[in-house]
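Here is the structure we will look at.
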Amino acid sequence: MDKRVPGDELRDFLRSRRARISPEQAGVAALPGGRRVSGLRREEVAQLAGVSVDYYIRLERGRNANVSAAVLTAVARALQLDETERRHLFALAGPTRQRAGGQPDQQTPRPGLLRVLDSITDIPALLLGHRLDVLALNHLARALYPELAAMPAGERNMARYAFLTDAARSLYVDWPDTARESVGMLRLYASHHPDDPRLAELVDELSSADPDFRRWWVNHEVYLPQHGTKPYHHPLVGPLTLAFEAFTPMGDPDQTLGLYTVEPGSKSEDALRLLAGRVEPQPTNSNRSTKPYQAASPIMAEGVRQTHR
């Protein structure tokens, strides 16, 4: 991630948001004259937000250090930002952005959270920290993501897994959507921690290695996981549809506890039970790498495949 001067991220984000909205979508009369932009002009955003054109131009250029919450709310409304994008805008424009001295480096999950993961035995569960670093996985999450679990603890990261492993592209049926979401989560994190050197290293690594990441990173899309459903195709148990719920532990706002569930009585529930039999439960340990599990015997592995043919 290139070193950028203050205001660059705000400028690029606002430009990308107004480029996607036409005057017709925004409900304003198009200004006369030829249009050189695909979306709204700065003058039209200023009109919709109820601020002067000069004020909005200075805001977009990152030159309004003391912009008020009311103005940011008006701009968010003018650009039709969703709640996640609105949070991103406030973080980019706000005066309280964390600077270099307060940046996170490593996170150690609380022992209580590790015990929570240990107590969850019938569904996959994992704990994410800064930059989508994987802090801990329970035994079923290791079975769901064996190649992720096998990564060295210091390299175990959901974005790195999504873009740099063939396993992720095979496991995620909707790989492009899932990969873009991980980019959006990194973008959202970056607005709150603009000087995190390890984030810069991660973005540089993924940008150099993958053209999809490089293209999606400059789109300035942001994403905050909450809940939803994802289809998988696991190499041992075949098709598997999991619902996910994301929680933020109290006292650790940059950590995310992810839980995966299945519809009772579904084929996915049967598949998850088969998967559970493929890995021996172990105490959760955020500092341990695990090798990808293998079938205990060819007969058992064949039985898993036959069930899902």
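Salt bridge D54/R58: present, at least one basic N to carboxylate O contact under 4.0 Å. A salt bridge links R160 and E205; the closest N-O separation between the charged side-chain nitrogens and carboxylate oxygens is under 4.0 Å. Salt bridge annotation for R17-E221: present, with a cationic side-chain nitrogen under 4.0 angstrom from a carboxylate oxygen. Electrostatic pairing of D8 and R11 counts as a salt bridge here, judged by a charged N lying under 4.0 Å from a carboxylate O. Using a 4.0 Å cut-off between charged nitrogen and carboxylate oxygen, R215 and D212 count as a salt-bridge pair. Ion pairing between E269 and R273 holds under the 4.0 Å rule for side-chain N and carboxylate O.
Under the 3.5 Å distance criterion, the side-chain polar atoms of R18 are matched with a main-chain donor or acceptor of L40. Proximity of a side-chain donor or acceptor of H220 to a complementary backbone N or O of R15 within less than 3.5 Å is not detected. Not a single donor-acceptor pair under 3.5 Å links the side chain of E155 to the backbone N or O of P152. Side-chain atoms of D252 never come within 3.5 Å of backbone atoms of G129 as a donor-acceptor pair (strictly under, hydrogens ignored). Listed for the E60 side chain is no donor-acceptor partner under 3.5 Å among the backbone atoms of I57. Within the 3.5 Å criterion, the main-chain N or O of A162 finds a donor-acceptor partner in the side chain of W175. With hydrogens and angles ignored, the 3.5 Å screen pairs a side-chain donor or acceptor of S268 with a backbone N or O of T241. The backbone N or O of M151 lies less than 3.5 Å from a partner atom in the side chain of R156, making a donor-acceptor pair.
The aromatic rings of Y172 and Y232 lie tilted to each other, with the angle between the two planes from 30° to 60°. The aromatic rings of F213 and F163 sit perpendicular to each other, their planes meeting at more than 60°, with 30° as the lower class boundary.
In this structure, D166 places its CG atom where only 12 or fewer heavy-atom neighbours from other residues, nucleotides or ligands lie under 6.0 Å away.
Cluster membership check: L164 shares its hydrophobic cluster with L199, using side-chain heavy-atom separations under 4.5 Å among Ile, Leu, Val, Met, Phe, Trp and Tyr.
Residues D254 and H192 have side chains that never bring a donor and an acceptor to within less than 3.5 angstrom of each other.
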Go through the steps to decide whether Q255 and T248 satisfy the test side-chain contact (heavy atoms from CB on, under 4.5 Å), and finish with yes or no.
CA-CA 6 Å; Q255 292 186 9; T248 300; over 6 Å; no
